[in-house]
**Q** 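Before we start, here is the structure in question, set down as structure tokens.
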Number of protein chains: 2
Amino acid sequence: MGTHYRGTPEEIRVLDTFIKLVRAANSMGERSLRHLSEFGLNESQFAVLEAVAALGPLCQKDIAKKILKSKANITVIVDALEARKLLKRERSQEDRRYMDVHLTVEGRQLIDQVFPLHLRNMVEEMSILTPEEQQELGRLCRILGRKERPS
Amino acid sequence: MGTHYRGTPEEIRVLDTFIKLVRAANSMGERSLRHLSEFGLNESQFAVLEAVAALGPLCQKDIAKKILKSKANITVIVDALEARKLLKRERSQEDRRYMDVHLTVEGRQLIDQVFPLHLRNMVEEMSILTPEEQQELGRLCRILGRKERPS
DNA sequence: TCTTGATGATTCAATGTCGAACCATCCACA
DNA sequence: TGTGGATGGTTCGACATTGAATCATCAAGA
């Protein structure tokens, strides 16, 4: 019935912006995910492979920070990828608490197949915006996403 | 090591924009979620309550569409809220397949407590952007979030 | 050297979410 | 009238994710 208090124009604008932000992120994420399943990867597994491929061997804590998941979850994800021999754990020499996670040859081959495809899809999805709009969107999102806020 | 192929400037810009989008949505969502737990609500439960409060009685399919969850999940969420007597299901008279989900008095009282608080937090989070920037962010996200794309 | 606190990784139990199969109901049409 | 396809809701099994507890290891200081 819409009789519920909906707020001032400012409040309406804020809620409206927020819901669009969530929908856009959902929508893009979902579209990019579709193509991954053909390779037997879910979004998180892909993100881990991609991180290690791009940045070189990482410890699990750094992977967690990079892909925004808990370290408990990283253990599970790396378990699965290691079982498929796409990654390998190696105990760090300098500090034995750390596990260095690195790509295997098979992992490299897979990510070299998947990543360009993923990239192409992302570019296509995003191309509905002009380069300048993309840049501006990135700028605004970066501000919102900051953990620390300038008081 | 960063020796992995990273793409053309366009590709880099797209990926960069996407990751910022996801981080912004995550970040805002998480911050807004924090205050809900004091009321024993999770994000989805709040979203359902809010939808019904704002729009009046809804069937579960419409709720699903509104809050972007599967209908199986709506069943679970409404189960929980109904068990707490915040919502009530009622079989639709016109079409007995539909369940009309409406607020109870207790549900109304709760959402009237929680919603203004939520609103205040959202406004504060978003106020790091100017009103014009918020509007522009909304515009860009709306374009990206569209299900149908102009071919 | 021994102890203590910090930290990375793992395990475990709980929760949220989904797709598929299913049931109930409706509607169009023979 | 009744039959078959479509549709809303529920159930069920699977999976992803998390926080808390725990283990192993390290570093600093008594």
Side-chain angles (χ1 to χ4, degrees), chain A residues 22 25-27 29-34 36-49 51-52 57-84 87-102, chain B residues 22 25-27 29-34 36-49 51-52 57-84 87-102:
Chain A
V22 170
N26 266 7
S27 181
E30 182 188 307
R31 278 191 261 258
S32 83
L33 177 64
R34 269 207 289 270
L36 263 40
S37 61
E38 304 162 23
F39 299 90
L41 294 174
N42 66 25
E43 206 163 2
S44 293
Q45 291 167 351
F46 172 72
V48 170
L49 279 185
V52 176
L58 291 174
C59 73
Q60 298 187 187
K61 180 198 157 206
D62 287 347
I63 295 175
K65 178 181 281 193
K66 172 89 175 148
I67 77 163
L68 303 176
K69 298 286 150 103
S70 69
K71 59 197 167 94
N73 193 15
I74 300 300
T75 295
V76 176
I77 298 169
V78 171
D79 278 351
L81 293 172
E82 193 173 31
R84 284 177 63 187
L87 291 181
K88 191 143 176 36
R89 281 181 173 97
E90 232 165 78
R91 185 72 62 183
S92 164
Q93 292 307 322
E94 302 92 51
D95 186 334
R96 293 183 46 74
R97 286 173 301 181
Y98 290 73
M99 291 300 241
D100 290 332
V101 177
H102 59 87
Chain B
V22 170
N26 265 7
S27 181
E30 181 188 308
R31 277 190 263 256
S32 83
L33 177 64
R34 268 207 289 268
L36 265 40
S37 61
E38 303 162 23
F39 298 91
L41 295 174
N42 66 25
E43 206 163 3
S44 295
Q45 291 168 349
F46 172 72
V48 169
L49 279 185
V52 175
L58 292 174
C59 73
Q60 298 188 187
K61 180 198 157 208
D62 287 346
I63 295 175
K65 180 182 280 192
K66 173 87 174 147
I67 77 163
L68 304 176
K69 299 283 148 110
S70 69
K71 59 197 168 97
N73 193 16
I74 301 298
T75 294
V76 176
I77 297 169
V78 172
D79 279 351
L81 293 172
E82 193 173 30
R84 283 177 63 186
L87 293 181
K88 189 142 177 38
R89 281 180 173 97
E90 230 164 79
R91 184 72 62 183
S92 164
Q93 292 306 322
E94 302 92 50
D95 186 335
R96 294 185 44 75
R97 285 173 302 180
Y98 289 72
M99 293 300 244
D100 291 331
V101 176
H102 59 87

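Atoms considered below: every heavy atom in the structure, side chains included; atoms not considered: hydrogens, waters and symmetry mates. In what follows, every chain begins at residue 1, and chains take the letters A, B, ... in the order their sequences are listed.
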**Q** Considering heavy-atom distances to DNA chain C, does Y98(A) or A72(A) have its closest nucleotide positioned more toward the 5' end?
**A** Y98(A)

**Q** Starting at the 5' end of DNA chain D, which residue's closest nucleotide do you reach first, S70(A) or I74(B)?
**A** I74(B)

**Q** List the residues meeting side chain to side chain donor-acceptor pair (under 3.5 Å) with N42(A), not counting sequence neighbours, and say none if there are none.
**A** none

**Q** Is the shortest side-chain heavy-atom distance between R91(B) and M99(B) below 4.5 Å?
**A** yes

**Q** Rounded at 0.5 Å granularity, tell me how far CG in D100(B) sits from CD in Q60(B).
**A** 10.0 Å

**Q** Listed in order of residue number, which residues of residues 88-97 of chain A have a non-hydrogen atom at under 4.0 Å from DNA chain C?
**A** R89(A), R97(A)

**Q** Check side-chain contact (heavy atoms from CB on, under 4.5 Å) between A51(B) and all other residues, then give those that pass, not counting sequence neighbours.
**A** L58(B), K66(B)

**Q** List the residues meeting side-chain contact (heavy atoms from CB on, under 4.5 Å) with K88(A), not counting sequence neighbours, and say none if there are none.
**A** E82(A), H102(A), T104(A)

**Q** Y98(B): which residues meet the ring-ring contact (aromatic ring centres under 6.0 Å, His included) condition with it, sequence neighbours left out?
**A** none

**Q** Can you name the residues that form a side chain to side chain donor-acceptor pair (under 3.5 Å) with D95(A), not counting sequence neighbours?
**A** R97(A)

**Q** Take a 6.0 Å sphere around CD of Q93(B) and say whether it holds more than 12 heavy atoms from other residues, nucleotides or ligands.
**A** no

**Q** Taking side chain to side chain donor-acceptor pair (under 3.5 Å) as the test, write out the residues that go with D62(A), two or more places apart.
**A** none

**Q** Is the shortest heavy-atom distance from the side chain of R89(B) to the side chain of T75(B) under 4.5 Å?
**A** yes

**Q** For a 4.0 angstrom threshold against heavy atoms of chain B, report the outermost contacting nucleotides of DNA chain D in 5' to 3' order.
**A** dA6(D) to dT11(D)

**Q** Quick check for you: name the first and last nucleotides of DNA chain C, 5' to 3', having an atom under 4.0 Å from a heavy atom of chain B.
**A** dG16(C) to dC26(C)

**Q** Using a heavy-atom cut-off of 4.0 Å across all strands, would you classify K61(A) as base, sugar-phosphate, or nothing?
**A** sugar-phosphate

